[in-house]
Structures are given as C-alpha cells and as structure tokens.
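Per chain, numbering begins at 1; letters A, B, ... match sequence-line order.
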Amino acid sequence: AQTVTQSQPEMSVQEAETVTLSCTYDTSENNYYLFWYKQPPSRQMILVIRQEAYKQQNATENRFSVNFQKAAKSFSLKISDSQLGDTAMYFCAFMNLPPRGMRFGAGTRLTVKP
Amino acid sequence: DAGITQSPRYKITETGRQVTLMCHQTWSHSYMFWYRQDLGHGLRLIYYSAAADITDKGEVPDGYVVSRSKTENFPLTLESATRSQTSVYFCASGVGKLNPSGTQYFGPGTRLTVL
C-alpha cells in the first residue's frame, strides 16, 4: 500500500523568507501524480502544485516550487518570499493512475511570522 | 453556480441514527471521492466512484454506504452513526474532458458530530 510521510508537524518562517516542507512517499507503481494542498483556517482544500511522475522537470507555480526526486521518493515544497497568507496546513498527497483516490500525509502546520 | 458543493455544512446527530451527506458537482467530472479528516491523520479515503453506478471502497469504508445514480451527485450515508464517525467529511471530484490530469477539487466540507 502507498504511504505518504510528512516528518515536520509544525514549521515557522519569517515573512519574505524561504521555507521548505518535506514529503516522502512509498509506492511500487511507476505512473502517478503528487500534489501539495493547502488548508487555511477556513478548512477549504486548495491545490498548490501538482507533479506528474513521468516528468523529470520540477513543477513551479509562482512562489511555489517542488523538488521531485523520483528514485528517492521525495517530494518537497519550497515556498519563496513567504507571505502571511501562506499560514496554513499543508498536505502532501499521492495519487496513482487510474485514479483510486489520494493518499495524504498527516500535514505540516506552517506559520508565517511578521 | 459551477463547482462542488456539500450539504449540510454542519450536522449534529445521535448514535444509531442514519445520516446522509450530500455532494454535488457541476463540472461533469467522471470521478468523485469521499474523504474524512481527523486530527493527526490528514485525509483518508472512504469511497470513490469512477462513473455513475460504479463505486469502490477506499481506505476506511466500514460503516458507510455510497451510491451514484447520476454523474453529478455522490451521497454518503452513515447507516447507524457511531461516535468514532465524528469528523470533517470532504467530497472531491476530478478527471474529465476538461480535467484529464486528474487533479481533485474539493468541496467545503461537512463537520459531523455524533453524540
């Protein structure tokens, strides 16, 4: 069975600085997607970034980028120029293909300090 | 309005009662999913559906029933609610002609309390 591990329950960063959230996963499959979702206090799940396993190039979305190491089964999220609005829970998630639902990590609570 | 909606947003019920949580999406996504979120566990998959009349179990299906007679609706029923089913429930949809990548989009969640 696939597992997703986020080893940092809580992190904090100063506004405008850079922070990296860690995620490792375990799977025997070769075709899958990886995601980072953000959950602010409103509880809404918001997609931050997506990575296709077959793509070697790391995904980027504005201030958010990933470091995808397929052989190491590692998928970290880097947030540059952190903003107060980035304060939230961040979940790493794995989805195989064809879709059978996502497997989530336990989450990392990120606090951006002014 | 386009998107994915859940109702009710909050529900309090008693042990042993039947409860149905509703989920509706307007994107014509093929796949729909139900997750529950508990402290320390992230989100866990309860059931999913690949299309109308096709459903399958996820990681934690016991005590839940689903149906999908129409593509846009995916209700989740707790046949006899237990305190351990107190949780926040999220519905999600994904995969369709306009979303071939499979990214899942989530509803706002339903907070269910079983007394």
Side-chain angles (χ1 to χ4, degrees), chain A residues 1-10 21-25 27 29 31-55 59 61 64 66 75 88-110, chain B residues 3-6 8-10 23 25 27 29-51 54-61 64 66 68 74 76 87-96 99-112:
Chain A
Q2 291 87 4
T3 59
V4 179
T5 302
Q6 293 180 249
S7 59
Q8 306 149 315
E10 294 190 25
L21 308 183
S22 300
C23 174
T24 59
Y25 61 95
T27 183
E29 309 212 14
N31 196 16
Y32 53 88
Y33 285 109
L34 295 162
F35 304 85
W36 279 97
Y37 279 87
K38 168 185 176 181
Q39 187 179 45
S42 67
R43 206 170 63 202
Q44 180 69 49
M45 294 290 288
I46 301 166
L47 176 69
V48 174
I49 200 165
R50 181 187 72 233
Q51 175 78 45
E52 293 89 338
Y54 65 87
K55 289 187 177 179
E61 287 287 344
F64 299 89
V66 299
F75 183 60
M89 282 289 288
Y90 286 82
F91 292 99
C92 178
F94 168 99
M95 184 180 77
N96 46 20
L97 294 173
R100 297 190 290 279
M102 285 194 287
R103 180 77 62 153
F104 285 84
T108 296
R109 184 177 301 280
L110 176 68
Chain B
I4 181 165
T5 57
Q6 293 183 234
R9 294 292 311 278
Y10 301 89
C23 179
Q25 55 106 354
W27 290 305
H29 286 159
S30 300
Y31 282 78
M32 296 187 74
F33 308 85
W34 275 107
Y35 297 88
R36 59 178 288 175
Q37 183 177 25
D38 305 296
L39 281 174
H41 286 281
L43 280 73
R44 291 182 291 177
L45 180 68
I46 304 171
Y47 269 96
Y48 71 98
S49 169
I54 301 175
T55 62
D56 207 347
K57 296 178 180 179
E59 185 183 357
V60 288
Y64 302 96
V66 294
R68 194 168 176 206
F74 191 38
L76 175 74
S87 188
V88 178
Y89 291 85
F90 285 96
C91 178
S93 72
V95 184
N99 179 28
S101 71
T103 297
Q104 293 182 27
Y105 297 93
F106 286 79
T110 294
R111 180 179 292 278
L112 175 67

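A:E10 is linked by a salt bridge (Lys or Arg N to Asp or Glu O under 4.0 Å) to nothing, counting only residues two or more places apart in sequence or in another chain.
In terms of heavy atoms, A:R43 sits closest to B:T110 at NH2-N, 4.4 Å.
With a 4.5 angstrom heavy-atom cutoff, B:R44 does not touch chain A via any of its atoms. For chain A, the nearby part of B:Y35 is the side chain; its heavy atoms alone come within less than 4.5 Å. For a residue to count as touching a neighbouring chain, one of its non-hydrogen atoms must lie under 4.5 Å from one of that chain's; by this rule A:Q6 does not touch chain B.
Residues A:M102 and B:F33 have side chains not in contact (no heavy-atom distance under 4.5 Å, counting atoms from C-beta outward). Considering only heavy atoms from C-beta on, B:F106 stays 4.5 Å or farther from A:Q39 through its side chain. Looking at heavy atoms from C-beta onward, A:M89 lies out of side-chain contact with B:Q37 at the 4.5 angstrom threshold.
Between the side chain of B:Q104 and the backbone N or O of A:G101 there is no donor-acceptor pair closer than 3.5 Å.
B:R9 CZ: more than 12 foreign heavy atoms inside a 6.0 Å radius.
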